[in-house]
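These figures come from a predicted structure and were not determined experimentally. All heavy atoms count here, side chains included; hydrogens, waters and symmetry mates do not.
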Amino acid sequence: MRKLTGNFLLFLGIIAICIACQDKDVNPAEVPPSTKLDGTYDVVRITSDYPVDLDRDGSLNVDLLTETQEAGRASRYYVEFKTEIHDRDPVFYDQEIDLWIPFTNVFKDESGNFLDVKYGFTNLLARYRYDETTGQISIQGNLGNGEIIGGRLISEDTLSMQFKADFYSTKGWETLPLTGIYKRRP
């Protein structure tokens, strides 16, 4: 019985030493995210969830590029997915979306009376992850103005992205819910 108790205590001592020697500060390595979407996608169309009059012609339309009179400059509006790998311990993956859209410039006189609206371009920036099994793009956080809500892969080379941005309509400033369709550049 004494030998059994001694072996048992020796076994418990070894287990206690093993548990005490574990490094609790070691973080498990992050699973590498999908980079399948990395690249640039050109705009096919951007539509508002409801008709608006941005060009002040009196007719409502859901086509954002037509309403902003930017259809002829559609090459400015694209979405880019990129993955950066930071070789630290543990390895860190930073995935970003740059989504380029028309930017509203409202011109008023010295008294504050409306004169005109012109459009430049700006980008919405967000961190994301892509799930290859569901085809869904989930947003980890937006950085800056506007808001990218999410997206999905609708075919091997085409994406649908949902986002919100502020535009000046005949009703004044509106936050428009928008859907963009984008096709991968060859």
Side-chain angles (χ1 to χ4, degrees), residues 34-83 95-131 134-186:
S34 171
T35 58
K36 180 178 181 175
L37 298 183
D38 282 9
T40 304
Y41 299 75
D42 293 313
V43 70
V44 174
R45 69 181 167 277
I46 301 173
T47 56
S48 174
D49 285 6
Y50 55 88
V52 292
D53 182 10
L54 302 177
D55 61 3
R56 313 186 90 61
D57 66 356
S59 71
L60 300 173
N61 195 332
V62 295
D63 185 332
L64 185 76
L65 295 179
T66 297
E67 279 299 307
T68 58
Q69 300 178 352
E70 289 291 300
R73 292 185 280 274
S75 62
R76 296 184 191 195
Y77 307 113
Y78 59 91
V79 62
E80 184 177 21
F81 290 79
K82 51 191 168 189
T83 301
Q95 292 190 295
E96 291 184 352
I97 299 172
D98 281 319
L99 193 148
W100 293 87
I101 61 168
F103 177 75
T104 307
N105 294 293
V106 177
F107 295 93
K108 296 183 177 185
D109 65 17
E110 300 82 32
S111 302
N113 299 313
F114 173 82
L115 295 174
D116 200 4
V117 174
K118 297 289 183 193
Y119 293 94
F121 57 100
T122 189
N123 71 325
L124 306 180
L125 181 62
R127 290 202 170 100
Y128 80 99
R129 287 295 189 264
Y130 173 65
D131 185 332
T134 64
Q136 296 295 309
I137 301 163
S138 60
I139 302 305
Q140 306 295 306
N142 283 281
L143 310 163
N145 294 329
E147 177 185 8
I148 300 175
I149 298 165
R152 63 186 174 87
L153 189 65
I154 55 178
S155 73
E156 195 58 36
D157 65 348
T158 307
L159 299 168
S160 172
M161 297 297 299
Q162 290 72 46
F163 52 99
K164 293 180 182 178
D166 294 327
F167 288 88
Y168 196 78
S169 76
T170 52
K171 297 178 183 177
W173 284 104
E174 292 187 63
T175 301
L176 298 181
L178 301 162
T179 299
I181 303 297
Y182 300 87
K183 189 167 181 69
R184 186 186 285 274
R185 280 188 187 163

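Atom CZ of Arg45 is surrounded by 12 or fewer heavy atoms from other residues, nucleotides or ligands within 6.0 Å. The 12-atom threshold is not exceeded at NZ of Lys118, counting heavy atoms of other residues, nucleotides or ligands nearer than 6.0 Å.
Summarising the geometry, atom CG belonging to Leu115 is positioned 9.5 Å from atom NZ belonging to Lys108; distances are rounded to the nearest 0.5 Å. Atom OG1 of Thr66 and atom CD of Glu70 lie 11.0 Å apart (nearest 0.5 Å). Residue Arg152 holds its CZ atom at 7.0 Å from CD of Gln162, rounded to the nearest 0.5 Å. To the nearest 0.5 Å, atom CD of residue Glu67 and atom CG of residue Leu60 are 7.5 Å apart. Note that CD1 of Ile181 and CG of Leu159 are 8.5 Å apart. Values are rounded to the nearest 0.5 Å.
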Any chance you could lay out the side-chain contact (heavy atoms from CB on, under 4.5 Å) test for Arg127 and Leu143, step after step, and finish with the verdict?
CA-CA 8 Å; Arg127 290 202 170 100; Leu143 310 163; 4.1 Å; yes
Exercise for the section: Evaluate side-chain contact (heavy atoms from CB on, under 4.5 Å) for Tyr50 paired with Leu176, printing each intermediate quantity in order. Expected result: CA-CA 8 Å; Tyr50 55 88; Leu176 298 181; 3.3 Å; yes
Next item on the list: Start with the C-alpha gap between Thr104 and Tyr119, add the side-chain angles, then the distance that decides, and say whether side-chain contact (heavy atoms from CB on, under 4.5 Å) holds.
Entry: CA-CA 5 Å; Thr104 307; Tyr119 293 94; 3.4 Å; yes
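When every heavy atom of Pro51 is checked against every heavy atom of Val62, the shortest pair comes out as N-CG1, 3.6 Å. Nearest heavy atom pair, residue Ile148 against residue Met161, reads CG2-CE, 3.8 Å. The shortest non-hydrogen separation linking Trp100 to Phe121 is CE3-CD1, 3.7 Å.
By the ring-ring contact (aromatic ring centres under 6.0 Å, His included) test, Tyr128 pairs with Phe81, sequence neighbours left out. Residues passing the salt bridge (charged side-chain N to carboxylate O under 4.0 Å, His left out) test with Lys164, sequence neighbours excluded: none. Residues passing the side-chain hydrogen bond (donor to acceptor under 3.5 Å, both in side chains) test with Asp166 are Thr175, sequence neighbours excluded. Every residue was checked against the side-chain hydrogen bond (donor to acceptor under 3.5 Å, both in side chains) condition with Asn61, not counting sequence neighbours, and none meets it. Legend: residues meeting side-chain hydrogen bond (donor to acceptor under 3.5 Å, both in side chains) with Arg185, ordered by chain and number and at least two apart, are Asp42.
Proximity of Asn145 to Thr122: side-chain heavy atoms (C-beta onward) are nowhere separated by under 4.5 Å. No side-chain heavy atom of Val117 sits under 4.5 Å from any side-chain heavy atom of Leu54. In this structure, Leu153 and Lys36 have side chains that are in contact, with non-hydrogen atoms separated by less than 4.5 Å. Counting heavy atoms from C-beta on, the side chains of Ile139 and Ile97 come closer than 4.5 Å. Counting only heavy atoms from C-beta outward, the side chains of Leu124 and Glu147 never approach each other to under 4.5 Å. Inter-residue side-chain proximity for Ile101 and Leu178 is flagged as unmet; no heavy-atom pair is nearer than 4.5 Å. You'll find the side chain of Glu96 reaches within 4.5 Å of the side chain of Leu125, heavy atoms only.
Under the ring-ring contact (aromatic ring centres under 6.0 Å, His included) criterion, the residue pairs touching residues 151-186 are Phe114-Tyr168, Tyr168-Trp173, with sequence neighbours excluded.
For Asp53 (side chain) and Asp57 (main-chain N/O), a donor-acceptor pair under 3.5 Å exists by modelled atom type. Checking side-chain atoms of Ser111 against main-chain N and O of Asn113 turns up no donor-acceptor pair under 3.5 Å. Between the side chain of Thr68 and the main chain of Leu64, a donor-acceptor pair closer than 3.5 Å is present. Side-chain atoms of Asp131 do not come within 3.5 Å of backbone N or O of Gln136 as any donor-acceptor pair. Using a distance-only test at 3.5 Å, with no hydrogens or angles considered, a donor-acceptor pair links the side chain of Gln95 to the main chain of Ser34.
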